[in-house]
*Asks:* 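Starting off with a structure, shown below.
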Amino acid sequence: MVNDVLNAISKQLYTTFGNDYKYYVENVEQKLSKPCFTIDTIIPLMRSKSPVLYDRTMPMVIHYFTKDAENTKKDCYAKAEELAECLEYLPFENTYLRGEDISWQIVDDVLQVFVTYRFTSRRITTPLEN
């Protein structure tokens with residue numbers, strides 16, 4: 001389920017920003033191709049509501065690495081606004097997930113955008129055979 005949300009965010013970013021950016025969901029220690037986004041989750045939570053229903057909370061962080069060394073903050077401020085808008089409603093399966101608690105900060109010239117998705121999922125079970 002986490003991978004599905006990561007992929008949905010990646011697709012949404014690509015839809016919004018296109019081919020001019022790279023999108024990473026795996027850790028890249030060195031040689032990021034800038035400008036780019038990295039997408040990760042922060043301590044996902046799953047609570048059982050019933051034997052087949054689960055409340056899920058998925059806090060996510062999107063890092064933006066700018067290529068514009070001269071106007072880093074200006075570029076990051078603009079991207080923060082664009083990211084907040086594009087992450088608010090995330091196409092997911094046959095519905096939309098609504099991003100909540102969207103916030104951002106700039107640390108060491110890297111924009112960090114935080115968003116939380118809350119939703120209910122269903123576990124598909126197979127009948128027990130006798």
Side-chain angles (χ1 to χ4, degrees):
M1 184 67 61
V2 172
N3 287 329
D4 296 333
V5 175
L6 289 169
N7 289 334
I9 292 171
S10 182
K11 287 178 187 175
Q12 182 75 343
L13 292 175
Y14 179 80
T15 299
T16 302
F17 299 105
N19 286 329
D20 294 335
Y21 299 85
K22 295 287 184 188
Y23 308 92
Y24 300 99
V25 292
E26 294 292 332
N27 289 341
V28 178
E29 300 280 329
Q30 298 176 358
K31 299 190 181 186
L32 287 171
S33 181
K34 296 178 185 180
C36 67
F37 298 94
T38 64
I39 309 157
D40 207 353
T41 186
I42 309 167
I43 310 175
L45 176 66
M46 183 172 77
R47 287 194 179 112
S48 177
K49 287 177 71 168
S50 74
V52 295
L53 295 177
Y54 296 87
D55 281 335
R56 292 184 177 260
T57 303
M58 292 207 186
M60 311 299 287
V61 59
I62 294 86
H63 294 93
Y64 170 65
F65 296 84
T66 184
K67 191 175 185 177
D68 188 352
E70 292 181 18
N71 297 302
T72 299
K73 286 195 176 186
K74 185 177 181 180
D75 185 34
C76 286
Y77 294 150
K79 280 295 178 286
E81 296 295 327
E82 292 176 277
L83 284 164
E85 187 174 323
C86 91
L87 295 171
E88 185 175 6
Y89 292 98
L90 182 67
F92 186 76
E93 296 178 355
N94 295 325
T95 189
Y96 286 90
L97 299 180
R98 184 159 190 269
E100 301 174 1
D101 307 322
I102 299 173
S103 63
W104 58 270
Q105 65 182 1
I106 300 170
V107 177
D108 296 330
D109 294 333
V110 176
L111 173 65
Q112 300 173 351
V113 177
F114 303 92
V115 59
T116 300
Y117 296 101
R118 292 180 178 87
F119 58 97
T120 301
S121 66
R122 171 182 223 112
R123 181 187 327 174
I124 298 174
T125 59
T126 55
L128 295 174
E129 294 183 27
N130 291 334

*Asks:* Check this for me: does any side-chain nitrogen of one of K49 and D55 sit under 4.0 Å from a carboxylate oxygen of the other?
*Replies:* yes
*Asks:* Please lay out, stage by stage, how Y24 and S33 fare under the test side-chain contact (heavy atoms from CB on, under 4.5 Å).
*Replies:* CA-CA 10 Å; Y24 300 99; S33 181; 3.5 Å; yes
*Asks:* Decide ring pair (Phe, Tyr, Trp, His ring centres under 6.0 Å) for Y21 and Y14; before the verdict, give the C-alpha distance in whole Å, the side-chain angles of both, and the deciding distance to 0.1 Å.
*Replies:* CA-CA 8 Å; Y21 299 85; Y14 179 80; over 10 Å; no
*Asks:* If you define the side chain from C-beta out and look only at heavy atoms, does anything of R118 sit under 4.5 Å from L97?
*Replies:*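 The answer is no, as the side chains (C-beta and beyond) never meet within the 4.5 Å cut-off.
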*Asks:* Any chance you could lay out the side-chain contact (heavy atoms from CB on, under 4.5 Å) test for L87 and I9, step after step, and finish with the verdict?
*Replies:* CA-CA 7 Å; L87 295 171; I9 292 171; 4.0 Å; yes
*Asks:* Please identify each residue that fulfils salt bridge (Lys or Arg N to Asp or Glu O under 4.0 Å) with D40, with sequence neighbours left out.
*Replies:*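 Testing D40 for salt bridge (Lys or Arg N to Asp or Glu O under 4.0 Å), a comparison that skips the adjacent residues, returns none.
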*Asks:* May I ask you to check whether F37 and F17 place their ring centers less than 6.0 Å from one another?
*Replies:* yes
*Asks:* Identify the heavy atoms of S10 and V25 that sit nearest to each other, and give their distance.
*Replies:* CB-CG1, 4.5 Å
*Asks:* Would you indicate whether the side-chain heavy atoms of L45 and R56 approach each other to under 4.5 Å?
*Replies:* no
*Asks:* How close do P59 and T57 get, heavy atom to heavy atom, and via which atoms?
*Replies:* CD-O, 3.5 Å
*Asks:* Going by the side-chain contact (heavy atoms from CB on, under 4.5 Å) test, name the single residue among V107, I106, I62, T38 that passes it with Q112.
*Replies:*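 For Q112, the side-chain contact (heavy atoms from CB on, under 4.5 Å) test succeeds with only one of V107, I106, I62, T38, which is V107.
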*Asks:* For K67, is there an ion pair with D20 - N to carboxylate O distance below 4.0 angstrom?
*Replies:*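 Salt bridge flag = no for K67 with D20.
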*Asks:* Please evaluate residues R98 and Y117 with respect to the criterion side-chain hydrogen bond (donor to acceptor under 3.5 Å, both in side chains), reporting the C-alpha separation (whole Å), side-chain torsions for both, the decisive distance (0.1 Å), and the verdict.
*Replies:* CA-CA 6 Å; R98 184 159 190 269; Y117 296 101; over 6 Å; no
